[in-house]
Amino acid sequence: MLVTLVEDALAAAVAAGEVALAELPDVELERPRDPAHGDWATNVAMVAAKAAGTSPRVLADVIAARIAGHPDVAAVEVAGPGFINMRLSDAALQRLVVEVRAQGADFGRSDLGHGRRVQVEFVSANPVGPMHVGHGRWAALGDSMARVLEHAGWRVQREFYVNDSGVQMDIFAKSVAARYLQHCGREVPFEDEWYQGTYIAEIAEEICQGEGAVWSDADPAEREAHFREKAYAQVLEHLRSVLHGMGVDFDVWFSERSLHAPGPDGRSEVDVAMDRLREAGYIYEKDGATWFASTALPEYGDDKDRVLRKADGDLTYFAADIAYHMDKFARGFDRVINIWGADHHGYVARMKAACAALGHPGQLDIVIGQLVTLLRNGEIVRMSKRTGEMVTFEELLDEVGPDAARYFFLRRGTDQPLDFDIGLAKEQSSENPVYYVQYAHARICSILRRAAGLPAEADVADAAAAGTFVPMSADLSLLTDQAELTLLRKLAEFPEVVEMAADRLAPHKLTTYAEDLAASFHQFYTLCRVVSDDAAVTGARLALVDASRIVLAGVLGLLGVGAPQRM
RNA sequence: GCGCCCUUAGCUCAGCGGAUAGAGCGUCCGGCUACGAACCGGGAGGUCGCAGGUUCGAAUCCUGCAGGGCGCACCA
């Protein structure tokens, strides 16, 4: 609204002949870092001064003169090299309380996505063992990203790609079968390259308990096949339950095998995908292998062509991946987002090139998350699924809890490597920023409970939704204290923060905001007595407190972190 | 050797074209006879890795260099 206000002012000045401009520039507003510079500032005058044949300051004065006097604007001033600084009127800020409380959990929603469909694929850990700590980061990131995109008007699907075919499944099966035989008292060798983790033996033991030793004399191939499926199902269920335990649930668990399975016409999706690429002219044969001409799409930057079918006739993982992405787009998504660890960044170029070759240029976004280094008391914990020396994500969740884990993972940008010190996370759990934010929410609920005379175990959110306390009719013009206005300004930022987080696929913007908002609330609380003898002021402040509760719960919800009403 | 990412306070990190660069932790000094002190206020602490360039203006964009992480298979 302020944007159009500035645009109109400039247009009016041009129409009145005060400014000579053939073309009106785009007006952009920004929030000055220094609050002394107002709530909003625009640099149009500096941008357009040259074209207008005047100085930035003069142009700024002309525009400012036409903005002054608008009811939502309390002050306009020209500053520095030609910034136009605007301060919102108290009335404009106070209105926000009504808006937030009327919209409730919908406050901050936008239509950025226009209802388009987006798929977010993340975690996709191999179903041959427990997740490592990095998977926890992708889980938190992907789920929060999905929540943010939903809030920004996208229709989102969460997907987990299950790599349930290929060599690692064979090794997995052999490993479990061998442990099973050992458990049954047989002397069998255990190869170095098999999975060494103790969980393998645990799975074997569990199968033994369920089915006894009947498989110990079975045909080795049959035994392996049986154990592969049995153990695979168990691991997959385990992954699902650990993820569910941190509030991450997938809509689709997509099996890689389905890509290789022949369809009604006898052809698999991989076959079909390769046909599509061949028809489009991106496939050739060389040295007995089948290649994808990745370098024929130089705009994606892959430096060499890629083998899809090896000389020995086997398909590469990349071939399955292409079929997988073809399948995604066939399911009607306008946009597909993959979250990959930095150790896979070398695949980005070829995957994007392949999607373009399939006829979906620019519809694939790949978010590369830098890796998590796990430390224990300052010492690096090496993680290897093969040797089994690892701290699993599940163990981490048990130690620090889902809220702190999620918050910690989301607190920094995805292109920032993350050091996670288990000892520190445990020790500092009471000073973890997540508690700072949650405490603000609990404190709010406590105030509201007390003001409304609700029992300690009452659900404040439900009571507020039912409208049984904190009437909407408060006289908000009484909110004039600096701390109150600062808190109002912070509440007003929420929709912008959501949009930016969605636009940049950067949920960590929300943690920064959540801490700012909590700080503004705590300051307000310290300086302004909420429940007092003055009924009118009490009413206005309770309304502000309730609006703060809604927004705080909103950010925490987008982060997937709980908003406790008491701690 | 090539490619991607990173380098901001003692530590961990925000800021990603704007005006005096911020937060948390740590450190020093203060604040509960009222709604939750898991809180609040204040101090100390920075040539934004280095060098050029682009422009009204650069921590932010471009180039080069240095340091660190991760990749560079007819592996999965």
Side-chain angles (χ1 to χ4, degrees), chain A residues 28 30 32-34 36-37 41-43 46-47 49-50 55-56 79-83 85 126 128 163 165-171 256 286-291 301-304 306-321 341-349 368-371 373 408 411-421 424 428-440 442-451 483 504 506 508-509 511-513 515-516 518-519 521-533 538 541-542 545 566-567:
Chain A
E28 281 177 24
E30 62 186 30
R33 211 174 354 228
D34 184 346
H37 294 138
T42 177
N43 61 354
M46 288 181 284
V47 173
K50 200 174 276 181
S55 81
F83 289 104
N85 294 335
N126 279 339
V128 296
N163 292 118
S165 81
V167 182
Q168 87 276 3
M169 287 298 285
D170 295 334
I171 296 174
E256 180 189 353
K286 192 182 91 181
D287 302 334
T290 304
W291 296 71
D302 201 6
D303 55 348
K304 58 183 82 159
R306 304 294 172 177
V307 171
L308 299 182
R309 188 183 293 283
K310 296 183 271 180
D312 66 8
D314 284 351
L315 291 163
T316 61
Y317 184 87
F318 184 45
D321 240 348
D343 53 342
H344 287 87
H345 78 260
Y347 283 75
V348 172
I368 292 299
Q370 295 299 311
L371 301 177
T373 305
F408 203 101
R411 212 168 164 237
R412 37 185 54 78
T414 53
D415 46 14
Q416 200 68 235
L418 176 63
D419 286 343
F420 202 123
D421 192 310
L424 209 63
Q428 294 193 334
S429 64
S430 64
E431 7 183 279
N432 191 310
V434 67
Y435 294 106
Y436 179 75
V437 177
Q438 289 183 320
Y439 178 66
R443 204 178 211 187
I444 285 172
C445 291
S446 172
I447 297 168
L448 293 175
R449 271 195 305 268
R450 173 174 272 263
R504 300 195 193 174
H508 79 278
K509 303 259 175 209
T511 59
T512 308
Y513 174 75
E515 286 162 44
D516 284 353
F521 180 78
H522 286 311
Q523 284 152 17
F524 155 77
Y525 174 86
T526 304
L527 295 170
C528 300
R529 169 86 203 170
V530 177
V531 180
S532 68
D533 295 339
T538 298
R541 286 183 173 167
L542 281 174
V545 169
R566 51 193 75 77
M567 297 170 68

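Order of the sequence lines fixes the chain letters, A, B, ..., with proteins taken first and strands second; residue numbering starts at 1 for each chain. Excluded from the calculations below are hydrogen atoms, water molecules and symmetry mates; all remaining heavy atoms, backbone and side chain alike, are included.
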For Y436(A) and Y439(A), I'd like to know if the aromatic rings sit close, meaning centre-to-centre distance below 6.0 Å. no
Result for 5'-nearest mapping on RNA chain B, choosing between R449(A) and I368(A), is I368(A)
First of V307(A) and T526(A) reached from the 5' end of RNA chain B, by closest nucleotide: T526(A)
When you measure from the side chain of [X] to the backbone N and O of [Y], does any donor-acceptor pair fall under 3.5 Å?
X       : Y       : value
S446(A) : A442(A) : no
T538(A) : V531(A) : no
Q168(A) : N163(A) : yes

Short N-O contact, D303(A) and R306(A), less than 4.0 angstrom: yes
Taking only N and O in the side chain of [X], is any of them less than 4.0 Å away from OP1 or OP2 of [N]?
X       : N      : result
K286(A) : C74(B) : no
Y436(A) : C40(B) : yes
Q370(A) : C6(B)  : no
S446(A) : G36(B) : yes

Spell out yes or no: do the side chain of [X] and the base of [N] have one donor N/O and one acceptor N/O closer than 3.5 Å?
X       : N      : answer
N43(A)  : G18(B) : yes
H344(A) : G71(B) : no
N85(A)  : A19(B) : yes

Just call it for Q416(A): base, sugar-phosphate, or nothing, with non-hydrogen atoms closer than 4.0 Å on any strand. sugar-phosphate
Heavy-atom pair of closest approach, residues A41(A) and P32(A): CB-CG, 3.8 Å
Anti/syn call for C32(B), syn if |chi| within 90°: syn
What are the atom names and distances for every N/O pair under 3.5 Å that joins the protein to nucleotides 58-61 of chain B?
{"unit_1": "A59(B)", "atom_1": "N6", "unit_2": "R33(A)", "atom_2": "NH1", "d": "3.4"}

Both distances under 3.5 Å, Watson-Crick or G-U wobble: report the partner of G67(B), or none. C6(B)
When you measure from the side chain of [X], which nucleotide among [options] comes out closest?
X       : options                : value
T512(A) : A14(B), G71(B), G36(B) : A14(B)
R443(A) : G24(B), A37(B), C74(B) : A37(B)
I447(A) : A19(B), C56(B), G36(B) : G36(B)

Within the stacking criterion (centroid distance below 5.5 Å, interplanar angle below 30°), does H508(A) stack on A14(B)? no
Does R443(A) make a cation-pi contact with F521(A), if we ask for NZ or CZ under 6.0 Å from the ring centre and within 45° of the axis? no
